[in-house]
Amino acid sequence: MEKQRVLSSQLLVKNRVFEVALDGDLLSWRELVRRTRISGGVRDALRAGFCLAKVLHRSRDTSGSRSVAVSEIIAVRETEPDSCLKEDGRWQKMAQTHPCAFTVSYVERGSQHCWRCVDVTFQCPDGALCQRWVQAIKEQLSLLTSRPKRLLVYINPYGGKRQGKRIYEQKVAPLFARASISTEVIVTERANHARDHLNTEADLRRYSGVVCVGGDGMFSEVIHGLLARTQRDAGVDQNCAEESLVPCTLRVGIIPAGSTDCICYATVGINDPITSALHIIVGDSQPMDVCSIHHNNTFLRYSVSLLGYGFYGDVLADSESKQWMGPARYDISGVKTFLTHNYYEGTVSFLPAQSSLGSPRDKTRCSAGCYVCLHSGQLHSQDRRACEGDEDVSGREDDGAGGWQVLRGKFLAINSASMSCACPRSPKGLSPAAHLADGTADLILVRKCSRLNFLRHLLRHTSKDDQFDLDFVEVHRVRRFRFTPRHCESELDLKEHGKTLFGHICRDHPACGCTALNSSWNCDGEILQQAAIDVGVHCQLIRLFARGIEEPVITEDMRGLNAV
């Protein structure tokens with residue numbers, strides 16, 4: 001079915017005539033190149049040839065046309081005609097005959113997933129036509145119901161290089177104002193300020209979404225507040241590991257301004273405040289899985305990216321005393337932890353995700369419009385509807401795979417990745433094929449090995465080599481897993497036999513201190529002291545103002561009008 005043309009006119013763009021058309025979901029403009037008639041002698045012919053060469057060169061540079069999806073138009077407004085006109089009578093006459101203008105602000109894609117807001121100004125011959133164009137574009141924008149109208153913004157003034165407030169005020173707030181988005185801004189004054197405010201005080205019905213300006217820690221605060229509030233309002237007990245959690249209805253936006261912005265990088269493709277702000281403005285929506293972590297039937301935390309025991313837990317614990325060093329503290333602690341080379345004994349049990357599409361080693365990257373996440377979301381919606389209808393969905397948790405699998409051993413690292421965990425230093429991430437919203441996590445087990453082999457594994461995070469193609473590394477796609485450290489197992493065994501734990505620990509770990517008793521968990525950059533945990537993956541529990549990482553597309557859009 002052919003699209004219905006809303007409006008079409010011949011307008012000026014920088015004193016060049018364009019055919020401009022609004023076709024419902026697309027705004028396009030095509031330059032009209034007139035033929036030049038050569039007559040009147042050699043001098044006139046040369047002059048005409050020179051002008052024709054200029055026209056052809058300009059046409060070749062610009063490709064003659066441009067189109068922008070209405071969904072990626074930021075705003076439209078009436079403006080003054082371009083003042084940068086040539087000082088000759090012909091151009092002045094054209095300016096006089098086109099006294100009115102309107103400017104369209106829209107998204108333009110740059111390299112490395114970067115977005116920018118650019119303007120194009122169209123000059124109209126009369127005010128009535130100009131108003132018709134402005135009104136027509138505004139009407140099309142009003143049909144985009146996914147766009148936010150009012151946002152609750154939390155700014156962490158202490159995160160990263162303490163630039164959060166400046167970044168928001170100088171780069172983000174002007175874009176929100178241009179897009180007619182109203183905001184309520186709260187500058188946090190202490191740790192967990194945003195979490196507590198969302199959980200208890202905020203009237204969430206007033207907002208279209210929540211935006212956090214900061215790093216991964218600030219994002220974690222926001223989702224903990226939103227999810228705790230959502231579960232409480234729905235009567236869900238967070239302390240029960242078997243509960244099905246209720247998805248949050250408000251979307252969350254991230255303006256990167258922290259020491260680590262892993263979540264923003266893995267969902268947008270770049271840590272750039274303007275790009276993230278534009279994704280929020282156009283109303284993107286990217287579902288994301290969330291892991292719930294329990295210890296002895298007590299809820300501990302939520303995790304959306306990395307859950308690491310052993311190496312990454314030790315790095316974080318050691319870096320806590322070096323916060324004055326800024327982001328460099330992770331490098332120092334990483335080298336120290338690598339040289340220490342501690343390993344930890346325990347049991348890992350997990351529920352494989354056999355029915356999910358893909359595997360951790362299939363090299364299928366999660367991107368915008370990911371079919372794996374779409375398929376998983378459809379299955380998840382069917383399950384929820386079945387549960388609400390009291391239908392029998394027993395056996396779903398076992399995934400038809402015959403139940404839990406159990407592995408025992410000595411591990412240098414136990415990592416769970418709910419997403420690729422990509423960052424500028426590791427563009428592929430900890431698990432390159434992990435998906436944002438398929439209801440699974442990739443469980444990576446690094447068994448005890450030499451320092452050289454472990455270094456090989458770490459270096460593969462920054463290269464194109466398969467980081468799982470090592471005999472001491474194994475990876476499993478799971479829906480749930482548990483870890484029990486050796487000393488906890490020993491405690492249970494010894495209690496059953498009426499013995500004391502002290503003697504057993506001393507036999508396994510002598511006073512020389514060659515090996516630590518247990519590590520701690522690195523949960524999205526926060527320390528969990530409890531070593532024995534139960535982790536469940538909840539499919540598409542939250543939504544971000546993002547669309548996933550876009551695949552590069554080669555277009556024939558003209559490049560010469562970028563700044564028009």
Please report the interatomic distance [atom1]([X]) to [atom2]([Y]), rounded to the nearest 0.5 Å.
X	Y	atom1	atom2	result
Cys539	Leu379	SG	CG	8.5 Å
Asp438	Met288	CG	CE	12.0 Å
Gln530	Arg301	CD	CZ	11.0 Å
Leu152	Leu198	CG	CG	6.0 Å
Ile223	Leu250	CD1	CG	14.0 Å
Ile263	Ser220	CD1	OG	7.5 Å

Of Ser285, Pro148, Ser276, the one forming a side-chain contact (heavy atoms from CB on, under 4.5 Å) with Phe545 is Pro148
Assess the residue pair Asn199 and Arg232 against the criterion (side-chain contact (heavy atoms from CB on, under 4.5 Å)); give the C-alpha distance rounded to whole Å, side-chain angles, the decisive distance to 0.1 Å, and a yes or no. CA-CA 9 Å; Asn199 194 13; Arg232 188 181 70 243; 2.6 Å; yes
Return the minimal non-hydrogen interatomic distance between [X] and [Y], and the atom names on each side.
X	Y	answer
Thr188	Tyr158	O-CE1, 4.1 Å
Cys523	Ile293	SG-CD1, 3.6 Å
Ala437	Gln540	O-NE2, 3.0 Å
Val304	Met419	O-CE, 3.2 Å
Pro427	Ala422	O-CB, 3.4 Å
Ile527	Ala317	CD1-CA, 3.6 Å

Report yes if the side chains of [X] and [Y] come closer than 4.5 Å at any heavy-atom pair, otherwise no.
X	Y	value
Val473	Leu445	no
Val213	Val172	no
Asn522	Val315	no
Val252	Ile542	no
Leu307	Phe481	yes
Tyr168	Val185	yes
Cys212	Asn156	no
Cys421	Ser305	yes

Would you say [Y] and [X] are linked by a side-chain donor-acceptor pair, where the criterion is simply a distance under 3.5 Å?
X	Y	answer
Asp534	His294	no
Arg486	Asn518	no
Thr337	Asp314	no
His538	Ser292	yes

Can you tell me if [X] uses its side chain to pair, donor with acceptor, with the backbone of [Y] under 3.5 Å?
X	Y	answer
Asp261	Pro256	no
Thr230	Leu226	yes
Trp521	Gln529	no
His295	Ala532	yes
Arg147	Ser71	yes
Asn239	Phe299	yes
Arg365	Pro432	yes
Thr275	Trp115	yes
Gln163	Ala257	no
His341	Cys449	yes

With a 4.0 Å cut-off on N to O distance, would you call [X] and [Y] a salt bridge?
X	Y	answer
Arg329	Asp318	no
Glu474	Arg447	yes
Arg361	Asp466	yes
Arg116	Asp272	yes
Glu221	Arg195	no

Hey, mind stepping through Leu407 and Thr347 against side-chain contact (heavy atoms from CB on, under 4.5 Å) and telling me if it holds? CA-CA 6 Å; Leu407 297 173; Thr347 300; over 6 Å; no
Residue among Phe411, Phe483, Tyr309 satisfying ring pair (Phe, Tyr, Trp, His ring centres under 6.0 Å) with Tyr344: Tyr309
Derivation and outcome, side-chain contact (heavy atoms from CB on, under 4.5 Å), residues Leu443 and Val348: CA-CA 10 Å; Leu443 182 63; Val348 178; 3.7 Å; yes
As a test of understanding, state which of Ser431, Ser359, Ser416 forms a side chain to side chain donor-acceptor pair (under 3.5 Å) with Asp442. Ser431
Let me know which of Arg451, His457, Arg456 forms a side chain to side chain donor-acceptor pair (under 3.5 Å) with Asn453. Arg456
Output, in order, the C-alpha distance, side-chain angles, deciding distance and verdict of side-chain contact (heavy atoms from CB on, under 4.5 Å) for Thr267 and Leu436. CA-CA 8 Å; Thr267 55; Leu436 292 170; 3.9 Å; yes
Just checking, Arg480 and Trp404: is the charged tip under 6.0 Å from the six-membered ring centre and within 45° of the axis? no
Ring-plane angle category for His197 and His193, please: parallel below 30°, perpendicular beyond 60°, tilted otherwise. perpendicular
Taking the six-membered ring for Trp, is the centroid-to-centroid distance between Phe311 and Phe338 below 6.0 Å? no
Verify the neighbour count for atom [atom1] of [X]: are there more than 12 heavy atoms of other residues, nucleotides or ligands below 6.0 Å?
X	atom1	answer
Lys336	NZ	no
Glu320	CD	yes
Asp469	CG	yes

Listed partners of Glu550 passing salt bridge (charged side-chain N to carboxylate O under 4.0 Å, His left out), at least two apart: Arg109, Arg547
